[in-house]
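One-based numbering, in listed order, for ligands and for the atoms of each. No experiment lies behind these values; they were computed from the predicted model shown.
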Amino acid sequence: VSKLHILDPSRLTITKTKTPKPLSKPEDLVFGREFTDHMLAIEWNQEQGWMEPHITPYQNLSLDPATCVFHYAFECFEGMKAYKDKHGKIRLFRPDRNMARLNKSAARIALPTFEPTSLIQLISKLTNLDSRFIPDQKGYSLYLRPTLIGTQKTLGVGPPGSALLYVIASPVGPYYPTGFKAVSLEATDYAVRAWPGGVGDKKLGANYAPCIVPQLQAASRGYQQNLWLFGEEEYVTEVGTMNMFVAMKDRETGQRELITAPLDGTILEGVTRDSVLALARERLGPEGWKITERKFTMKEIYEASIEGRLLEAFGSGTAAIVSPVRTIAWKGKQVDCGLKENEESGEIALKIKAWMEAIQYGDEEHEWSVKL
Ligand code: PMP
């Protein structure tokens, strides 16, 4: 471990706010609009490595207009949640996964890496300090946003000599407050999100801005999300900002298969994706399901759909856990994803959501749920 990588939680200083914010009514929370009283910030520079961590009142940053983050997108981030269990204890869900992903993203854009356990300790301090913002009801949580930016003041294109790691926290409500609502997708055929050798498997801010126009175009035609395809084969990669799963039966054998795209560098390594795969292997495997990470094409989904073999399709991500899909618009066709008219979710998505929430809210003890 190099000196520059060491981040020391014992040097933490805490300055508490003198003006605590009033709490919003839980039902009024809008994703990512409100923030807690405090934030965590740690500066880094290439001479001294990580400086002492500070928890301070939530506040503006002050940066020179020439700071490299504004010009060359030296920015990566994470999205993770803290949950309150029925005893009022706060729990993080697989924080080690988010730390590992943040380090991979940082390393790819020449930003400093850090010891994962130290940052988890510091995030835990912030979360505990602001835990009053987490509503007690099931479905609510505290969305945590670790962010790492290059702060060197220079228009020269080069590795940032200084950086800032900060964490802000936003109380959020359930993605589907009144139960699942299956979404309709439009397959995007004129833009690609990621490509082999690119950075689509990293959580860089620069990956997100270019996704908005395809999303707006899909919305203008009445679709809630766009589906990202890749290549002439039209491999199905991700849906909006979620990983994509489909469940189908084999044409010849009738074997049921739950499929998601493999981590080939074009797919974000979703923590939810990994959790869905693990739970499905453990709990659906014994029921005869085959759980596979493999490439699959839009044509394969279309054929399964018209032959009545497509059982369901859903996205997976931290925000919604799973998001069921009703149809996919593709080449002028509406591909029906297996839901009955009065259904908002398939069986698998329902089961997975229940399994995940049981673990996240500590109703089922599991090593993925880390008590603070
Ligand atoms: N794909 C993309 C492009 C995303 O931005 C996200 C959200 N982080 C995901 C997938 C889902 O990842 P996770 O399950 O870790 O939230």
At less than 4.0 angstrom from any non-hydrogen atom of Arg193, what atoms of ligand 1 do you find? 3 (C)
Close approach, Arg101 and ligand 1, non-hydrogen under 4.0 angstrom: yes
Contacting atoms of ligand 1, where contact means under 4.0 angstrom from a heavy atom of Gly317: 11 (C), 14 (O), 16 (O)
Check each heavy atom of Leu268 against ligand 1 and say whether those closer than 4.0 Å belong to the side chain, the backbone, both or neither. side chain
Please identify each residue that fulfils salt bridge (Lys or Arg N to Asp or Glu O under 4.0 Å) with Lys104, with sequence neighbours left out. Glu269
Would you say the side-chain atoms of Lys153 pair up with the backbone N or O of Thr67, donor to acceptor, closer than 3.5 Å? no
So, are Arg326 and Glu312 salt-bridged, with charged N and O less than 4.0 Å apart? no
Would you say Asp130 and Thr36 are linked by a side-chain donor-acceptor pair, where the criterion is simply a distance under 3.5 Å? yes
Under the 4.5 Å side-chain heavy-atom rule for ILVMFWY, direct or indirect, which residues accompany Phe31? Tyr143, Val172
Report the nearest protein non-hydrogen atom to atom 12 (O) of ligand 1: residue, atom name, distance rounded to 0.1 Å. Gly270 CA, 3.4 Å
Can you find a non-hydrogen atom of Lys203 under 4.0 Å from ligand 1? yes
Quick one: are the ring centres of Phe77 and Tyr208 less than 6.0 Å apart? yes
Those atoms of ligand 1 less than 4.0 Å from some heavy atom in Val271: 13 (P), 14 (O), 15 (O)
Mode of Glu238 contact toward ligand 1 - side chain, backbone, both, neither (heavy atoms, under 4.0 Å): side chain
Numbering the atoms of ligand 1 from 1, which are under 4.0 Å from a heavy atom of Thr318? 13 (P), 14 (O), 15 (O), 16 (O)
Side chain, backbone, both or neither: which applies to Ser316 and ligand 1 if a contact is any heavy-atom pair less than 4.0 Å apart? backbone
Among all protein heavy atoms in this structure, tell me which lies nearest to atom 6 (C) of ligand 1, with the distance rounded to 0.1 Å. Thr241 O, 3.0 Å
Ion pair check, Glu257 and Arg309, cut-off under 4.0 Å: no
